Amino acid sequence: MDYKQTIADNISSALDHKINRKDIEAKIEVPKNSKMGDLAFPTFILAKELHQAPQIIAQNLVKQINTEGFDKVVATGPYINFFLNKSKFSNDVLDLILKQQQNYGNNQRGNQRNVTIDMSSPNIAKPISMGHLRSTVIGNSIANILSKNGYHPIKDNHLGDWGTQFGKLITAYLKWGNEKDVEADPINKLVEYYVHFHKVDKEHPELDDEAREWFKKLENGNQEAINLWKWFRDVSLKSFNKTYDKLGVKFDTYNGESFYNDKMDEVIQMLKDKHLLKKSRGAEIVDLQKYNLNPALILKSDGASLYITRDLATAIYRDRTYHPAMNLYVVGSEQILYFKQLKAVLKEMGIPSADNLHHVPFGLILSNGQKLSTRSGRIILLNKVLDDSVKLAKEQIQEKNPDLPNKDNVANEVGVGAIIFGDLKNNRMDSINFVLKDQLRFEGETGPYVQYAHARAESILRKAHVSSQSIVSGSKSVSDPAAWDVLKLLNDFPRIVKMACDEFEPSDIAKYSLKLSKAFNKYYAHTKVLVKDDELVARLSLVKSISIVLKEALRLLGVKAPDQM
RNA sequence: GCAUUUAUAGUGUAAUGGAUAGCACAUAAGAUUCCGGUUCUUAAGAUGAGGGUUCGAUUCCCUCUAAAUGCACCA
């Protein structure tokens, strides 16, 4: 519903088109306080042009403006405030939502172009920690948001499944491990071997040589090495997928580092052909001075490749395979500089999509204000957090709503949803201090609060015993002023969807869902919905619309919205 | 040392360059407790410091302060 355009037209013609309609439209804003109006035009920009004080301009303009379609138009100081016709607005908004259902807010800006998203990326034979949570849920939500904006996202889990640590792991396994233990509890056992290796190798440095030997065998295609590596990878992935299933996250590809192993020679050759490689301190680098960056180290002095070499191969592969409109990397903010280098090298190489490479960085998760790290032993396992959260959610349900059918399922959706929401409601770049019980509360700015608002809406609809067909076709003029804030928020959803997409910012959606839930809570505390009067169907259509939009907003975040909880 | 990011009430946070800086948790007092675990009212409380651009700055620019992160053979 574009009332801004109408207003801009009206003002422009009242000024004999001395000011461009587009300029006026850009200046129209929503007043902070809704008592002042629904839309406002500040007259400051006209002051110079008309050589008049803004207050005077506002007063004069109001008299000339065509007020058709508005309840009233008033000048308040330097502002012209527009009050929309509530019953028409209500009709327009609710009609659109009920017609489009979960497709409300969709747009086709993406034109079905591909967007690759590099996300999650845990290391094989290591557990998934809270550190991976952010990349996983932010990436997943961005993918959902991109879809809603008409893009075709491709989620790639760039597994850390190659490197010298596999030499160590093979050595350790052959010395101390056994198959049964690993099958029973893969990740923990493999980590145990790895840790044990590092302990022993301090006193027996010859172990390192053995490990290096095994990695070399692996690279050269030795069957025993490959079999072991494959096995480690398979059991790890199986374990990872259990966690991903809990989170409800799916990937399109798992092209890890090993996948690109044989694609790096070509990258080196391309760099050589373009005369980009330079020797420096024994290593091969690409000079990035013209980007004001440190040189990118491509090959070590012993000729071995580095992380960036693999990432170059990855980016080139994605460019050729998908021709992406954007290539996103959802990776922590500590790698900002690194991704600038990566982008710069790709640009030097003339890769078409280099300009569309975006690092989507995010802040750290802290525990008691301190950084989590494997080394210091301050590590929180994602699996355990999810299980704890579900358990807590179940206890709450047991206490507050013991008759609920399907308790386990709901506890899952609430417990996991709380964790995801607790992460996504924060601005990406902010660090999060993780406190589980704060995220599970029903009050305050939490996932369960939004889920609960949705469940209440569904509950009211159930009790109404009115078919959804008659809601869709019935009257949608809610004249109750208490509903006004809700209606305006509902109308705002498509704009939020665009904004979240442009900024790769799921928190825009999360914050919006909180606002809408709050407005709805306020509404139904004031107004009884289930009263037989002329507006009953209209009120139900409002509640239905709220339910649709809340559910869709949560879906974009990757959070389920149970009908009862 | 250089670079990047961040800085808003006790805590967590919001505000396309616009009106009285919004909200949540916690605190204090009161009302309501009727569709499911409510909501409302009131009280108290904040833009790190200093400049600049602007009719107007929480927002843009500069300096300072503090914190986090990164800066060549790790990923």
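Here is how names work: the chains are called A, B, and so on, in the same order as the sequence lines, proteins then strands, and each is numbered from 1. Heavy atoms only: backbone and side chains are in, while hydrogens, waters and symmetry mates are out. These figures come from a predicted structure and were not determined experimentally.
- Listed nucleotides B:C35, B:A19, B:G36 differ in distance to A:Val529; the shortest reach to its side chain belongs to B:C35.
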Anything under 3.5 Å between a protein N or O and an N or O of nucleotides 2-4 of chain B, put it in a table, one pair a line.
none

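- Counting non-hydrogen atoms under 4.0 angstrom, A:Leu299 reaches nothing in the nucleic acid.
- If you check every strand for non-hydrogen atoms under 4.0 Å, A:Pro295 touches a base.
- Across all strands shown, A:Ala455 has heavy atoms under 4.0 Å from base atoms, whether or not it also approaches the sugar-phosphate.
- Between the side chain of A:Ser236 and the backbone N or O of A:Ile124, no donor-acceptor pair lies under 3.5 Å.
- Here A:Glu348 pairs with A:Lys290 in a salt bridge; the nearest charged N to carboxylate O distance falls below 4.0 Å.
- Rounded to a whole angstrom, the distance from the P atom of B:A19 to that of B:A26 is 30 Å.
- Within the 4.0 angstrom heavy-atom criterion, base atoms lie near A:Pro31.
- A distance below 6.0 Å separates the ring centres of A:Tyr329 and A:Phe339.
- Across all strands, A:Arg310 comes closer than 4.0 Å to no nucleic acid atom at all (heavy-atom distances).
- Comparing the same atom, P, in B:U63 and in B:G1 gives a spacing of 16 Å after rounding to whole Å.
- If you look at A:Tyr512 and A:Phe493, their ring centroids are closer than 6.0 Å.
- Rounded to whole Å, the distance from NZ on A:Lys463 to P on B:C34 is 14 Å.
- Protein atom NZ of A:Lys278 is 17 Å distant from nucleotide atom P of B:A72, rounded to whole Å.
- Nucleic acid contact class of A:Ser517 (heavy atoms, under 4.0 Å, all strands): none.
- With C1' as the reference atom, B:G12 and B:U69 are 22 Å apart, rounded to whole Å.
- Judged by distance alone, with hydrogens and angles left aside, the side-chain atoms of A:Thr43 form a donor-acceptor pair with the main-chain N or O of A:Pro78 at under 3.5 Å.
- One finds no side-chain N or O of A:Lys518 lying less than 4.0 angstrom from the OP1 or OP2 phosphate oxygen of B:G22.
- Straight-line distance from the OH atom of A:Tyr338 to the P atom of B:A72: 15 Å, rounded to whole Å.
- Heavy atoms of A:Ala283 sit under 4.0 angstrom from at least one base atom.
- Position along RNA chain B of the nearest nucleotide to A:Arg456 versus A:Pro42 favours A:Pro42 as the more 5'-ward residue.
- Between the side chains of A:Asp161 and A:Trp229, no donor-acceptor pair is found at a separation under 3.5 Å.
- Counting any heavy atom pair closer than 4.0 Å across all strands shown, A:Ala304 reaches no nucleic acid atom.
- Proximity note for A:Tyr449 (side chain, C-beta onward) versus B:U39, B:A75, B:U69: the nearest is B:U39.
- For A:Met36, the listed nucleotide lying nearest its side chain is B:A19; candidates were B:C35, B:A75, B:A19.
- Spacing of P atoms, B:A72 relative to B:C2, comes out at 16 Å, to the nearest Å.
- When rounded to the nearest whole Å, the span between CD of A:Gln398 and C1' of B:G37 equals 15 Å.
- With B:C40, B:C34, B:A19 as the choices, the nucleotide that has an atom nearest any side-chain atom of A:Lys522 turns out to be B:C40.
- Using a 4.0 Å cut-off between charged side-chain N and carboxylate O, A:Lys279 and A:Glu284 make a salt bridge.
- Nucleotide B:A75 holds its C1' atom 13 Å from the CG atom of A:Leu297, rounded to whole Å.
- Under a cutoff of 6.0 Å and an axis angle of 45°, A:Lys72 and A:Phe83 form a cation-pi pair.
- Ring centroids of A:Phe259 and A:Tyr317 are separated by less than 6.0 Å, placing the two rings close together.
- Spacing between B:G22 and B:U59 at atom C1', rounded to whole Å, works out to 15 Å.
- Going from atom CZ of A:Phe339 over to atom P of B:C71 covers 13 Å, rounded to whole Å.
- Ring centroids of A:His158 and A:Tyr260 are separated by less than 6.0 Å, placing the two rings close together.
- Per the geometry, CD belonging to A:Glu334 stands 13 Å off C1' belonging to B:C74, to the nearest Å.
- Of the charged side-chain nitrogens involved, none lies within less than 4.0 Å of a carboxylate oxygen, so that A:Asp208 and A:Lys168 do not count as a salt-bridged pair.
- Judged by atom type and distance alone, A:Asp311 does not reach the base of B:A75 through any side-chain donor-acceptor pair under 3.5 Å.
- Taking atom CE of A:Met429 as the reference point, atom P of B:U6 lies 6 Å away to the nearest angstrom.
- Annotation: cation-pi pair A:Lys522/A:Tyr524 absent, no NZ/CZ under 6.0 Å from the ring centroid and within 45° of its normal.
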Test side chain to side chain donor-acceptor pair (under 3.5 Å) applied to A:Asn149 and A:Asn107, step by step | CA-CA 5 Å; A:Asn149 282 275; A:Asn107 67 70; 2.6 Å; yes

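- Note on A:Asp533 versus A:Arg539: salt bridge recorded, some NZ/NE/NH1/NH2 to OD/OE distance being below 4.0 Å.
- Residue A:Gln396 is in base contact, counting any heavy-atom pair closer than 4.0 Å across all strands shown.
- Sequence order on RNA chain B of the closest nucleotides to A:Thr76 and A:Ser305 puts A:Thr76 first from the 5' end.
- On the P atoms, B:A57 is 33 Å away from B:C25, given to the nearest whole Å.
- B:A31 and B:A14: their C1' atoms are spaced 29 Å apart (whole Å).
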Close N/O contacts between protein and nucleotides 12-17 of chain B (under 3.5 Å):
unit_1: B:G12; atom_1: N2; unit_2: A:Glu445; atom_2: OE1; d: 3.1
unit_1: B:A14; atom_1: OP1; unit_2: A:Asn427; atom_2: OD1; d: 3.2
unit_1: B:A14; atom_1: OP1; unit_2: A:Asn427; atom_2: ND2; d: 2.8
unit_1: B:A14; atom_1: OP1; unit_2: A:Lys511; atom_2: NZ; d: 2.4
unit_1: B:U16; atom_1: O4; unit_2: A:Glu29; atom_2: OE1; d: 3.4

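- Evaluated for a side-chain contact (heavy atoms from CB on, under 4.5 Å) with A:Ile145, the options A:Asp502, A:Asp508, A:Ile509 yield exactly one hit, A:Ile509.
- For A:Ser280 against B:A72, a side-chain N or O and a base N or O form a donor-acceptor pair under 3.5 Å.
- In RNA chain B, runs of at least 3 consecutive Watson-Crick or G-U pairs, each pair with both distances below 3.5 Å, span B:1-7 with B:65-71, B:10-13 with B:22-25, B:27-31 with B:39-43, B:48-52 with B:60-64.
- Distance noted for atom P between B:C62 and B:A68: 23 Å (whole Å).
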